[in-house]
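Take a look at the structure below.
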Amino acid sequence: MKYSAPRGTKDILPEESQLWQFVEVACRETFELYNYKEIRTPVFESTELFSRSIGESTDIVKKEMYTFPDRKGRSLTLRPEETAPVVRAGIENNLISPDQLTKLYYLGPMFRYERPQAGRQRQFHQAGVEVFGSSDPQLDAEVIQMSVKLFEKLGLKELEVNINSVGDKKCQPVYREAIQRYFKENIKHMCEDCRQRFDQNPLRILDCKEAHCQPYIEKAPAAVDHLCPECKSHFEQLIGWLDKLMIRYRVNDRLVRGLDYYTRTAFEVISKQLGAQNAVCGGGRYDDLVEELGGKSTPAIGFAIGLERVVEIIKNHPITHYSLPITLFIATLGDKAKETGFKLLADIRANGFSADMDYQGRSLKAQMKTADRIKAKYVFIIGDEELAKQSAMLKNMQTAGQQEIAFDKLLEELKGG
Ligand code: HAM
């Protein structure tokens, strides 16, 4: 009996994990540059946390959650996203307060029971940020800018920032009504999903990808035309700040996010280097969520990046050098040489250089093959003759050049590059 990874999940193998680490380090460095601190929350939470925050009528809550009872019958759910857990943890640990700015970031696996396809998995990974304590549109611009800077650092090209405003508690019902009024006549010609959404979550109709629904969707009223004066001004200020930061964006009045907690700013970063699942980042403001989950009313904004999609782009467009090669491989011939090599290895590693040797008693030729496979930059070859001289050839695998180095000078040589 052979087992395979569950449908919609993937093993990240050593060859690819270097690229993952490169992406993760870039995320951490960028977030920390903007003064975010890491938070780690459990992989599962009470089901109600997600159904209340993401919304009962969303696809995520209706169809995509991994929900199970524990042995005491409590309903738990593997996190489909991280905003709700961060808000929960922030309130529970008194990290969030309306009169201070709290900036948090996270990296980790999320779980959604979706139909797997390129760029869509059931276990996938996000890197995201959440900032609490300000409704200043300048902060919205900073958050969007940070995602763009991160993608630039990773070498991603052909990106498009889409922004929209979905209004607040005051203007959302007005827009919802306008949408329902508009679709009322034609909803019978639209797909099953749209018909279902019409009553429960009419805004989501705008997100339908069915070709025959598009003519109706194209002419639907825009949220930005139904904003109250405060939300309108907030959106205009955001645009002003993005212009000042020289961030290019497209105002996309069809942009509706798949989670119900958003207010005002909603945004997505789309990559033209991907297929159908082309959103590499999604986020927005959620000024009511902290209060809805039992905290003091505190405005907030954040985003999450889909790491599988970022990794996919870099893999297909090798733009940046990301591999972290093993620095040195010590090839040995005979037990005495192995003993000396073993000691040298410990010393080299203790000085921060990555190094390895053979433990399978293989021939010199086989050892050289291993050095090549693990992409060692240097090989140091020790046999009886070398033991007698206390020096050996250090071979540069990239240039094929070599020079004799005394055992006690090896470290110095590596330090010199
Ligand atoms: P989201 O748009 O549902 O937002 O997910 C953010 C990103 O995660 C997507 O743009 C996509 O890159 C990636 N993603 C989502 N589902 C999958 C999947 N099944 N397979 C692979 N990648 C996926 C959120 O999750 C919000 N919590 C973002 C946020 C943070 N809003 C405010 N703060």
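Counting begins at 1 with the first residue of the sequence.
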Would you call [X]-[Y] a salt bridge at under 4.0 Å N-O?
X	Y	value
E268	R257	yes
D140	R285	yes
K369	D372	no
E218	R254	no
K170	E230	yes

Going by atom types alone, do [X] and [Y] pair a side-chain donor with an acceptor below 3.5 Å?
X	Y	value
T327	S354	no
E82	T41	yes
Y106	E130	yes
R28	Y105	yes
Q145	Y34	yes
E160	N162	yes

Could you walk me through whether D59 and R197 pass salt bridge (charged side-chain N to carboxylate O under 4.0 Å, His left out), step by step?
CA-CA 10 Å; D59 284 352; R197 285 167 174 169; 3.1 Å; yes
*asked:* I need the K375 NZ to Q398 CD distance, nearest 0.5 Å.
replied: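 Result: 11.0 Å between the selected atoms.
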Applying salt bridge (charged side-chain N to carboxylate O under 4.0 Å, His left out) to E45 and R88, what does each step give before you reach the verdict? CA-CA 9 Å; E45 298 271 353; R88 195 267 310 138; 2.8 Å; yes
So if I apply the salt bridge (charged side-chain N to carboxylate O under 4.0 Å, His left out) rule between K103 and each of E142, E32, E38, which one comes out positive?
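So, applying the salt bridge (charged side-chain N to carboxylate O under 4.0 Å, His left out) to K103 and each of E142, E32, E38, only E142 qualifies.
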